[in-house]
Structure formats: C-alpha cells, structure tokens
There are 2 protein chains.
Amino acid sequence: MSLQKLIGSLQKHIALSAQEQELLSDFLVFKIIKKRQFLLHEGQIAREVAFVVSGCLRSYSIDQNGFEHILQFAPTGWWITDMYSFISQQQTHLTIDALMDTEVYLLSRENQLILFDKIPKLERYFRIVTENSLVGSRQRLIDNLSLTASQRYGIFCNTYPTLIHDIPQKLIAAYIGVTPEFLSKLKNGGAKTKKS
Amino acid sequence: MSLQKLIGSLQKHIALSAQEQELLSDFLVFKIIKKRQFLLHEGQIAREVAFVVSGCLRSYSIDQNGFEHILQFAPTGWWITDMYSFISQQQTHLTIDALMDTEVYLLSRENQLILFDKIPKLERYFRIVTENSLVGSRQRLIDNLSLTASQRYGIFCNTYPTLIHDIPQKLIAAYIGVTPEFLSKLKNGGAKTKKS
DNA sequence: CCCATTTCTTAACCTGGGTTATTGTAAATG
DNA sequence: CATTTACAATAACCCAGGTTAAGAAATGGG
C-alpha cells in the first residue's frame, strides 16, 4: 500500500510502533490530484501539508507583472505546503498545482498539532524535516545571490535529475530565475553572440 | 538578569516551570562577542546556535570573487547559526561575526538534543522557531526573484528598522543583493541619468 | 588631535539577462 | 486528423544593475 512510502520516510528519522502508525493513518487523507489541477490557490488558506507518493507538485507565486516564480518542486517523497499560510492560517500568496497526475497524503494543521501531543516523535520528525527545508531554502538564496544563471541551471540539474526531461523547460526557467528565452540561449547559443 | 530575555522568548510559545528553566540554564553558555570578532569561521563546524541578548550578529557567505552575501542579521531576540553545519556537523561555508559588541547565549547541538529528550516542550519551541525561519527565508527568495533592488531596500527598512542607522550601508547592499555603488545611486540619484 | 583606514558618493562606461517579435513544432482537444 | 493551444528557438534591441576609478566624508585608534 502507498502508505508505506510515507512510513518509510518517517522511519529514516524516528521509530513508530504499529499502533502509532495506525493512529497516524487515521489522521491522513489520501488524494489524487490530476495534472494541472490545484491543491492550493492564491487567497485560500493552506489547511494541509501534502506528502507526495507519486507524481510531482510545485509551489509558486505570481508577481505584479504576472510572472510565475517557482519556490519548490515536490516529487515523490517530498512534503509541500505554503508554510506561511499553514502555520498562521492566514491567506496564502502562493499557488500549488500538479505537473502530472499525483498521489498525496494530506495532513491538516489541526490534526498535525493533535498528533504532536499524542506522538511526540512526530513533532521530532517534522522538526527535522523543517530544519532540512530551511537548509535548502538558505542555500538557494545564496545561490541566487552569488551564482550566474548558467551555474544555477547546473545546480537544478543535480537537485532534480528526474525532472529535467519530464517537465517543460519554461518551468525550469521560472525556478532558476530567468526568462525561458534566456534559458534557451544558455543551452544552445551558450556564450558567444559577438563576431567570431 | 539577561537570561530573562531568552526565557521571555520561550514563554511566547511554551510554558516552562522553574525547574525546567534551571535545567535549561545549565546547558547554556553566556558569551560576549566584541565588534568585528567571529563566532564562526568558514571551514569550522557550527557546534552551537546563538541567542542574541543585545547587539547584533550577521551570517554571510563569500563567493568565488570575494564578495560577501549576507544571509541573516540577528539583533536582540534572534537565533543564529549555520543550520546546515549545525545539524550535519559538517564544515560550514558561512561566517558569523559581530557588527557591534554583542551578548549571546550559546547552546550546543549536543546539549540541544539532550534537552529535547528531557524537556519535549523545548523541541516544540525550536520546531516553531524553525518553521518561522523557513517562512522568512522563502519569502526572501520570492522577493529576490520578483522585486527590484529599490523595492527590496524598502522591505529591508521595514524588516530591520533598528539597523538602518546603526550599520554601514555596504552591509545593507550585501543583504539586498546589490553593490554599494548601486545602492548609493538608488538612495540619491533615484531614477534619472538621462538628459532632462 | 591628527593621520590612516574605511565608507560613501558620483560618473562614465559595460554586460548579463530581459523584451518583443517571428517562426517552427509538438501536444492536447474536438 | 484538423485545429487550437502550448512550447522552444532565434534574433535584434533594451535596461537594471555591475565595474572601474577617483575624490569627499566619516570613523577610529594612538
């Protein structure tokens, strides 16, 4: 059963008894999000965090000029939500949708907090996951401040090797922070435009 | 006593008994870092996380060209470390130093993990602090991807109102991601360079 | 109080990446 | 299988922000 993917992720950091696993599963909702469907829309409240069993989600914001900026891709084994909206229960400025048909387990903030009291090990697990997310987010900030677009493209290829050939390259551009035109120039033109 | 500042921060999220406060304080080390002195140097391991009681620290990375990029300022009431090195105990790529004489409490990762077992509420506190840091980091990423330098300067002024007049403006430039020359142009020149 | 160092400003010129537009092509959709 | 719709490539031109340089102002240590 697909719940095993989630349990597997938990067991990397904590040990859960059979009863605890059962209890946890009572608080989860399984859902299929079809390609191009939304899990979260700007203006809504992120009531749940999602664990991706298969497929891939993305979170992004849309700026004043209508450009999308991708914060995170979530392939198999990743958690995704808008953390701001999830912890404050205020309206989100992000959108989350599916790049392909995707299976997820949803855990509401409400249930998460209940579980933290019933199974303190779960609070540990999420503490660790959040620490790791913070490391990733800070690293990406540094990369954006110190690297060129071409170097960031290289890092993307290492970080999400499975995605490169599976998603449109305009999404890669929206992640590394350039226009699709410029990414195309990078990959093909490479460097030179000047004479010989 | 200055420990009260830390306890005050804890009490915003959790309730600690007198004994628990005592136990916690046994694991903390008080330290004064004088202006321009280092708390962490590239290549070292971040054994501790620091809580700033007074003064201000900063964390930054240095890129291939020798330019500094500031990840975080930590005035009174903020926690700071290199989360990557702190959780993995691998060598850091960041540097942390003091912008002015600064008082901190240090908590080692080792002691932090011991405390998480002895006082689960502390794990909750750090789970919450880390969630909030993640929100801040993600927001800053969005800002860097979607806003102009001028808009980012405005946000800096709102985020760290106390710092604007207390730190050299080259540091503000290193935070918002522009050169000191360009920030100067922004503040004074404003817009025009072309003819009337 | 003075000299040295660091910081700030200004200005001329440069470039990485953006904008706009066109054309070709591959998927969805009917 | 025709037709919309979305994606990628290319190219000419543009601009926010970087680079270099050099003088003015602030800071700081002896």
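A, B, ... follow the sequence lines: proteins, then strands. Residue 1 opens every chain. Only this structure's heavy atoms are used, side chains among them; waters, hydrogens and symmetry mates stay out.
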(request) Please report, rounded to the nearest Å, how far the C1' atom of D:dA6 is from the CG atom of A:L171. (result) 12 Å

(request) With A:D97 as reference, evaluate A:R58, A:R36, A:K34 under the salt bridge (Lys or Arg N to Asp or Glu O under 4.0 Å) test and give the passing residue. (result) A:R58

(message) In whole Å, I'd like the distance from the NZ atom of B:K34 to the P atom of D:dG29.
(response) 11 Å

(message) Below 30° counts as parallel, above 60° as perpendicular, anything between as tilted: where do the rings of A:Y84 and A:H93 land?
(response) parallel

(request) Tell me which nucleotide among D:dC7, D:dT19, C:dT10 gets nearest to the side chain of B:F67. (result) D:dT19

(request) Would you please indicate if the ring centroids of B:W79 and B:F86 are separated by under 6.0 Å? (result) no

(message) Both B:F182 and A:R36 contact DNA chain D. Taking the nearest nucleotide for each, which residue is further toward the 5' end?
(response) A:R36

(request) Take the protein atom CG of B:N144 and the nucleotide atom P of C:dG17, then report the distance between them rounded to whole Å. (result) 14 Å

(request) Compare side-chain N and O positions of A:N188 against OP1 and OP2 of D:dT10 and report whether any pair is under 4.0 Å apart. (result) yes

(message) What is the distance, to the nearest angstrom, from the NZ atom on B:K170 to the P atom on C:dT9?
(response) 14 Å

(message) Ignoring hydrogens and geometry beyond distance, is the side chain of B:K185 in donor-acceptor contact with the base of D:dG18 at under 3.5 Å?
(response) yes

(request) From the options C:dG17, C:dT19, D:dA8, select the nucleotide whose nearest atom is closest to the side chain of A:T179. (result) C:dT19

(request) Kindly check if the number of other-residue, nucleotide or ligand heavy atoms within 6.0 Å of CZ (A:F30) is above 12? (result) yes

(message) Return whichever of A:K35 or A:N65 has its heavy-atom-nearest nucleotide of DNA chain C closer to the 5' end.
(response) A:N65

(request) Would you mind telling me which residue lines up with the more 5' stretch of DNA chain D, A:Q169 or B:A149, judged by nearest nucleotide? (result) A:Q169

(message) On DNA chain C, compare the nucleotides closest to A:T148 and A:E181; which residue's is nearer the 5' end?
(response) A:T148

(request) Would you mind reading off the distance between A:I172 atom CD1 and C:dG17 atom P, rounded to a whole angstrom? (result) 17 Å

(request) Check the distance between C:dA26's C1' and A:I167's CD1 and give it to me in whole angstrom. (result) 17 Å

(request) Figure out the CG/P separation between A:L147 and C:dG17, and round it to whole Å. (result) 11 Å

(request) Would you mind checking if B:E131 and B:R127 are paired as a salt bridge, meaning a charged N to carboxylate O distance below 4.0 Å? (result) yes

(request) Grab the NE2-P distance between A:H69 and C:dG18 for me, whole Å please. (result) 10 Å

